[in-house]
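I have placed the structure first, in the form of structure tokens, so that the comments after it can refer back to it.
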Amino acid sequence: MKYSHIALYFLSIFVFFGCSSISSSTNQELSLGVVDFYQPTGLHELFAGKLFPYRTEATKEEEKDLSAILYEELEKKTSYKVQHLSLSHTQGTDETPLEYWSSLGSSQNLDLLIIPQIMEWKEGEYVREEYLPPKVVIEYYLVDVKEKKVLERSRYYDEYMNTEYDLRYNTPANGMFFGKRPSRMDLAVDSIYKMLIDFSFVRNRKEKNIFAQ
């Protein structure tokens with residue numbers, strides 16, 4: 001009887017660690033696709049929301065730089081196999097964005113897909129000697145490719161004096177953050193850190209204040 005208890009004890013340890021390693025390896029085997037940042041040009045490209053009138057377009061260089069930062073952060077903060085997708089965005093008007101991206105993700109044998117959409121993009125400026133901070137709106141969607149559904153959404157919204165940083169860090173509503181005036185690129189990078197906090201699959205999630213560095 002005594003030996004049976006010992007055998008049962010070691011068997012339970014084996015099962016526990018065996019399950020843990022299976023869970024870990026399964027996580028390692030999941031593939032996560034990262035789409036380049038881009039600005040939707042038509043309503044058919046939107047998962048939600050609307051197009052803002054009189055938008056300023058992000059440059060290809062800005063989109064490229066943001067995409068590189070997003071890819072690097074996801075590689076550091078997830079246990080998935082991260083794959084960069086540099087694709088031409090030619091979604092047809094007869095298909096939903098969910099259908100379009102799920103199809104592309106499936107063709108690349110991906111399990112998950114992160115799609116960042118720049119909805120509003122405006123640099124700070126002086127108007128009649130008054131400084132108006134940048135205006136940045138970015139949406140992130142996490143898509144389950146096989147199930148063809150949106151798992152999570154992160155929305156970064158920054159507009160003039162009611163900024164994302166005011167809401168998150170309770171800073172003075174005067175366009176100054178820790179003695180610095182953020183550019184639209186600064187806020188866009190901050191949107192990446194906010195997404196890493198919002199999405200539950202990211203490990204070691206914590207608030208990162210880029211202006212306090």
Side-chain angles (χ1 to χ4, degrees), residues 26-75 77-122 135-159 164 184-185 187-202:
T26 302
N27 215 27
Q28 288 281 356
E29 290 168 4
L30 288 176
S31 55
L32 171 67
V34 185
V35 176
D36 284 338
F37 281 78
Y38 74 102
Q39 287 181 286
T41 58
L43 291 175
H44 65 286
E45 295 183 64
L46 302 181
F47 284 89
K50 62 181 181 179
L51 293 176
F52 290 81
Y54 314 114
R55 297 185 309 163
T56 303
E57 291 188 7
T59 66
K60 293 300 179 185
E61 191 65 29
E62 288 171 325
E63 292 176 348
K64 180 181 177 182
D65 290 345
L66 287 173
S67 299
I69 295 171
L70 174 60
Y71 181 86
E72 181 182 355
E73 289 295 327
L74 285 168
E75 273 207 315
K77 292 185 170 62
T78 73
S79 54
Y80 298 97
K81 293 188 298 183
V82 184
Q83 180 179 330
H84 174 238
L85 271 70
S86 183
L87 303 169
S88 57
H89 306 287
T90 55
Q91 178 192 333
T93 56
D94 59 340
E95 59 184 340
T96 68
L98 190 55
E99 292 171 337
Y100 173 71
W101 289 114
S102 294
S103 176
L104 284 176
S106 179
S107 69
Q108 301 291 322
N109 295 317
L110 296 169
D111 297 295
L112 301 172
L113 196 59
I114 287 183
I115 303 147
Q117 296 184 332
I118 300 174
M119 305 300 296
E120 186 74 351
W121 189 253
K122 183 177 177 297
K135 183 178 181 181
V136 173
V137 178
I138 299 179
E139 304 267 5
Y140 295 87
Y141 295 92
L142 178 65
V143 171
D144 183 321
V145 172
K146 294 177 182 177
E147 296 296 326
K148 295 184 180 180
K149 66 180 180 180
V150 175
L151 297 177
E152 294 186 274
R153 175 192 182 195
S154 175
R155 186 169 193 264
Y156 187 92
Y157 180 86
D158 179 288
E159 184 175 15
E164 189 77 37
R184 61 190 180 189
M185 277 296 288
L187 294 174
V189 171
D190 182 53
S191 78
I192 294 174
Y193 297 136
K194 180 178 184 292
M195 180 273 295
L196 292 171
I197 296 167
D198 291 343
F199 282 1
S200 60
F201 75 92
V202 178

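What you see is a predicted model, and the numbers here were worked out from it, not measured in a lab. Hydrogens, waters and symmetry mates are skipped; everything else that's a heavy atom, side chains included, is used.
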### Query
What's the verdict on salt bridge (charged side-chain N to carboxylate O under 4.0 Å, His left out) for E61 and K64, showing C-alpha distance, side-chain angles and the deciding distance?
CA-CA 5 Å; E61 191 65 29; K64 180 181 177 182; 5.2 Å; no
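- Closest of all the heavy-atom pairs between A188 and Y140 is O-OH, 4.0 Å.
- Partners of E139 by salt bridge (Lys or Arg N to Asp or Glu O under 4.0 Å), not counting sequence neighbours, listed by chain and number: R153, R155.
- At distances below 3.5 Å, not a single donor-acceptor pair connects side-chain atoms of E73 with backbone N or O atoms of I69.
- With sequence neighbours left out, K149 forms a salt bridge (Lys or Arg N to Asp or Glu O under 4.0 Å) with no residue at all.
- The shortest heavy-atom contact between S67 and E63 is OG-O, 2.7 Å.
- Closest approach of W121 and T56 over heavy atoms only: O-CB, 2.9 Å.
- D198 and S154 make their closest contact through OD2-OG, 2.7 Å (heavy atoms, listed as atom of the first residue, atom of the second, distance).
- Residues L66 and M185 meet the side-chain proximity criterion, which asks for heavy atoms closer than 4.5 Å.
- Take Y141 and apply the ring-ring contact (aromatic ring centres under 6.0 Å, His included) test, not counting sequence neighbours, and it matches F47.
- Residues L110 and L104 have side chains not in contact (no heavy-atom distance under 4.5 Å, counting atoms from C-beta outward).
- Here the shortest heavy-atom pairing between L51 and L43 reads CD1-N, 4.0 Å.
- In this view, E62 and R184 satisfy the salt bridge (Lys or Arg N to Asp or Glu O under 4.0 Å) rule, not counting sequence neighbours.
- Taken to the nearest 0.5 Å, the CG atom of L46 stands 12.0 Å off from the OG1 atom of T96.
- Under the side-chain hydrogen bond (donor to acceptor under 3.5 Å, both in side chains) criterion, H44 pairs with no residue at all, not counting sequence neighbours.
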### Verdict with supporting geometry, I192 and Y156, side-chain contact (heavy atoms from CB on, under 4.5 Å)
CA-CA 9 Å; I192 294 174; Y156 187 92; over 6 Å; no
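- The backbone N or O of N109 lies less than 3.5 Å from a partner atom in the side chain of S31, making a donor-acceptor pair.
- K50 is linked by a salt bridge (Lys or Arg N to Asp or Glu O under 4.0 Å) to nothing, counting only residues two or more places apart in sequence or in another chain.
- The structure places CE of M195 at 10.5 Å from CD of E152, a figure rounded to the nearest 0.5 Å.
- Between the OH atom in Y157 and the CE atom in M119 there is a gap of 12.0 Å [rounded to 0.5 Å].
- Here the side chain of Q39 pairs a donor or acceptor atom with the backbone of A58 at under 3.5 angstrom.
- Atom CD in Q83 sits 8.0 Å away from atom OH in Y71 (nearest 0.5 Å).
- Each of V35, V82, V34 was evaluated against L70; a single residue qualifies, V34, per the side-chain contact (heavy atoms from CB on, under 4.5 Å) test.
- Between Y80 and L74 there is no side-chain heavy-atom pair separated by less than 4.5 Å.
- The distance from atom CG of L187 to atom NZ of K194, rounded to the nearest 0.5 Å, is 13.0 Å.
- Nearest heavy-atom pair across G33 and L85 is CA-CD1, 3.9 Å.
- Looking at S106, its side chain never comes within 3.5 Å of a backbone N or O of S103 through a donor-acceptor pair.
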### Task
Would you please test L112 and L151 for side-chain contact (heavy atoms from CB on, under 4.5 Å) and show each step?
CA-CA 9 Å; L112 301 172; L151 297 177; 3.7 Å; yes
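- Summarising the local packing, CD of E95 is surrounded by more than 12 heavy atoms from other residues, nucleotides or ligands at distances under 6.0 Å.
- Atom CD in E75 sits 12.5 Å away from atom NZ in K81 (nearest 0.5 Å).
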